[in-house]
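Report on the following structure.
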Amino acid sequence: MPTLANQSQITGVLIASYRRPAELRLAIEAALAQVQPISCVVVVDASPEPEKSEIVEICKAKVGVPIHFLDSPIPSSTIQRNIGAKALLALGVTRVLVLDDDTAPAPAYLSRLSKILDDFPDAIGASGVTFPPPPARTRLQTLKKTVFEVLGLESRTPGVISKAVCGIPVNRDKPEPVMTEWLFGCSLWRARVFDEVEYNPRLRGAALAEDLHFSLQASRFGTLWVDPLAQLHHSYSQVSRPDSALFAYRFARNRWFIIPDLPNPLLSRFFYFLSNAALASFAVLACICTLNLERGKEAVAYVKGTVDAIRDAAPR
């Protein structure tokens with residue numbers, strides 16, 4: 001691919017796609033509608049036919065900026081993003097906006113995140129928040145949050161990685177950017193971070209917690225920021241989304257690989273085992289009380305995910 005013209009700031013967009021041509025089209029349209037212009041889009045696709053042909057046609061559209069299509073032999077967002085990041089570095093971009101294929105950033109999303117990188121020279125990455133915001137918690141959800149705080153799955157401190165290795169969102173009421181310990185997947189990065197860091201290829205499939213691990217690695221090279229006023233619409237498309245058992249498996253497994261990079265690995269290992277055991281127990285109890293076999297499958301998945309993490313078994 002030819003390199004882009006020399007500019008002080010060149011932002012390329014990276015999208016890993018899988019079997020979602022309709023959603024991808026909307027994501028690209030939202031990227032092209034940014035107040036701050038982008039220079040190119042790289043789509044790394046792992047879809048089978050006929051979706052792949054549809055996505056190739058989307059990438060051939062004449063839209064004013066080049067859209068590069070790259071094929072990935074493995075359907076995994078981490079592997080696909082690594083392929084795309086290398087391609088963008090070769091194009092000479094200085095900043096990389098990573099998007100999921102079922103997201104649509106608001107028109108000012110890129111400009112708000114770019115301002116953070118402009119204002120804070122030590123910033124290596126920035127992200128916004130998903131929109132619309134979650135509904136207010138019910139009493140039951142508040143009780144659940146309290147229990148999860150005890151298990152290390154939640155925290156009262158916004159923007160941190162919890163004791164059991166979960167990313168805690170920032171306070172949406174803050175009008176100014178805040179420094180955090182992690183960024184979600186749809187973030188803006190200085191391109192040079194991809195010379196030093198890659199997405200963990202052991203976190204396969206639709207991944208889970210890959211943004212936490214990448215954030216931890218990237219934070220060695222600069223600070224991380226979230227602008228609560230930068231909005232990203234996420235449709236959470238159900239196309240190819242893992243079922244509850246596979247989600248439970250990946251949630252139990254993937255967090256294990258992040259622990260070595262945390263400040264207190266011993267404490268995190270304790271809460272990792274405690275939280276996974278509790279989640280499996282809750283699922284068993286729900287299965288018995290509701291006769292819902294899916295909850296039983298989740299319980300097994302939490303246990304298997306934990307065991308496979310320790311064994312470093314091939315990811316699912």
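Here the structure is a predicted model, which means the values were calculated and not measured.
Both Val13 and Ile58 are assigned to one and the same hydrophobic cluster, defined by single-linkage of ILVMFWY side chains at heavy-atom distances under 4.5 Å. By the rule that hydrophobic residues join a cluster once side-chain heavy atoms approach within less than 4.5 Å of another member, Val300 and Leu208 end up as members of separate clusters. Under a hydrophobic-cluster definition in which Ile, Leu, Val, Met, Phe, Trp and Tyr are linked whenever side-chain heavy atoms come within less than 4.5 Å, directly or via other members, Val160 and Phe271 are assigned to different clusters. Note on Val65: it does not cluster hydrophobically with Leu26, by side-chain heavy-atom contacts below 4.5 Å among ILVMFWY residues. Under a hydrophobic-cluster definition in which Ile, Leu, Val, Met, Phe, Trp and Tyr are linked whenever side-chain heavy atoms come within less than 4.5 Å, directly or via other members, Leu262 and Ile168 are assigned to different clusters.
Using modelled atom types, one side-chain atom of Ser162 and one backbone atom of Gly152 make a donor-acceptor pair closer than 3.5 Å. No donor-acceptor distance shorter than 3.5 angstrom exists from the side chain of Arg156 to the backbone of Glu149, with no hydrogens or angles considered. Here the side chain of Thr94 pairs a donor or acceptor atom with the backbone of Ile10 at under 3.5 angstrom. Counting only distance, with no hydrogens or angles, the side chain of Arg19 and the backbone of Pro48 share no donor-acceptor pair below 3.5 Å. Formation of a donor-acceptor pair under 3.5 Å by the Trp182 side chain with backbone atoms of Cys166 is not found in this model. A donor-acceptor pair under 3.5 Å is absent between the side-chain atoms of Thr306 and the main chain of Ala252, judged by distance alone. When atom types are taken as modelled, the side chain of Glu49 and the backbone of Ser53 share a donor-acceptor pair closer than 3.5 angstrom.
Taken to the nearest 0.5 Å, the CG atom of Leu88 stands 5.0 Å off from the SG atom of Cys40. Here Ile79 contributes atom CD1 and Ile74 contributes atom CD1; the two are 4.0 Å apart, rounded to the nearest 0.5 Å. How far CD of Glu198 is from OG1 of Thr78: 8.5 Å, rounded to the nearest 0.5 Å. Between Thr103 atom OG1 and Leu232 atom CG the span is 5.0 Å, to the nearest 0.5 Å. Here the OH atom belonging to Tyr249 is positioned 3.5 Å from the CG atom belonging to Asp308, to the nearest 0.5 angstrom. Interatomic distance, CZ of Arg250 versus CG of Leu203, reported as 10.0 Å (0.5 Å rounding).
Contact record, Glu196 with Phe221: CB-CZ, 3.4 Å, taken as the closest heavy-atom pair. The two residues Phe257 and His213 have their closest heavy-atom pair at O-NE2, 3.8 Å. Between Val42 and Ala87 the shortest heavy-atom distance is CG1-CB, 4.5 Å. Shown here for Pro175 and Leu229, the closest heavy-atom pair between the two residues is O-CD1, 3.5 Å. Scanning both residues, Ile161 and Glu181, for their nearest heavy atoms gives N-OE1, 2.9 Å. Between Arg190 and Phe120, the shortest heavy-atom distance links the atoms NH2-O, 3.2 Å.
The side-chain heavy atoms of Arg220 and Asp261, taken from C-beta on, include no pair separated by under 4.5 Å. Side-chain atoms of Leu224 and Ile124, non-hydrogen and from C-beta on, do get closer than 4.5 Å to each other. Between Leu188 and Ser114, some side-chain heavy-atom pair lies under the 4.5 Å cut-off. Side-chain contact check for Asp243 versus Leu246: some heavy-atom pair is nearer than 4.5 Å. A 4.5 Å side-chain heavy-atom check between Asn171 and Val178 finds every atom pair outside the cut-off. Contact of the Gln34 side chain with the Ser111 side chain is not registered, since no non-hydrogen atoms from C-beta on lie closer than 4.5 Å. By the 4.5 Å heavy-atom criterion applied to side chains, Ile28 and Val43 are counted as neighbours. With a 4.5 Å cut-off on side-chain heavy atoms, Val93 and Phe194 do not count as touching.
Under the 3.5 Å distance criterion, with hydrogens and angles disregarded, no donor-acceptor pair is assigned to the side chains of Ser235 and Ser237. With 3.5 Å as the limit, one finds no donor-acceptor pair spanning the side chains of Gln80 and Ser72. Between the side chains of Ser17 and Asp45, a donor-acceptor pair is found at a separation under 3.5 Å.
For residues 68-87, the salt bridge (Lys or Arg N to Asp or Glu O under 4.0 Å) pairs, not counting sequence neighbours, are Lys52-Asp71, Arg81-Asp100, Arg81-Glu210.
Few gaps surround NZ on Lys145; more than 12 heavy atoms of other groups in view lie less than 6.0 Å from it. Other residues, nucleotides and ligands contribute only 12 or fewer heavy atoms inside 6.0 Å of the CZ atom of Arg25.
Using bins of under 30°, 30° to 60° and over 60° for the plane-to-plane angle, the ring pair Phe251/Tyr302 lands in the perpendicular bin. Classification of the Trp189-Phe214 ring pair by plane angle, with boundaries at 30° and 60°, yields perpendicular.
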Could you walk me through whether Leu153 and Arg255 pass the side chain to side chain contact (heavy atoms under 4.5 Å, CB included) test, one step at a time? CA-CA 11 Å; Leu153 294 166; Arg255 287 155 44 238; 4.0 Å; yes
Could you walk me through whether Ile38 and Leu32 satisfy the side chain to side chain contact (heavy atoms under 4.5 Å, CB included) test, starting with their C-alpha distance in whole Å, then the side-chain angles of each, then the deciding distance to 0.1 Å, before giving a yes or no? CA-CA 7 Å; Ile38 62 172; Leu32 296 171; 4.0 Å; yes
Before giving the answer on side chain to side chain contact (heavy atoms under 4.5 Å, CB included), spell out for Ser187 and Trp225 the whole-Å C-alpha distance, their side-chain angles and the decisive distance to 0.1 Å. CA-CA 10 Å; Ser187 304; Trp225 294 79; over 6 Å; no
Do Tyr272 and Ile258 pass the side chain to side chain contact (heavy atoms under 4.5 Å, CB included) test, and can you show the C-alpha distance, the side-chain angles, and the key distance before you say yes or no? CA-CA 11 Å; Tyr272 169 83; Ile258 302 172; over 6 Å; no
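Taking Asp102 as the reference, Arg20, Arg241 meet the salt bridge (charged side-chain N to carboxylate O under 4.0 Å, His left out) condition, with sequence neighbours excluded.
Its side chain outside the 4.5 Å cluster rule for every partner, Val150 clusters with none of the Ile, Leu, Val, Met, Phe, Trp and Tyr residues.
With salt bridges taken as basic N to acidic carboxylate O contacts below 4.0 Å, none links Asp118 and Lys115. Of the charged side-chain nitrogens involved, at least one lies within less than 4.0 Å of a carboxylate oxygen, so that Arg202 and Asp312 count as a salt-bridged pair.
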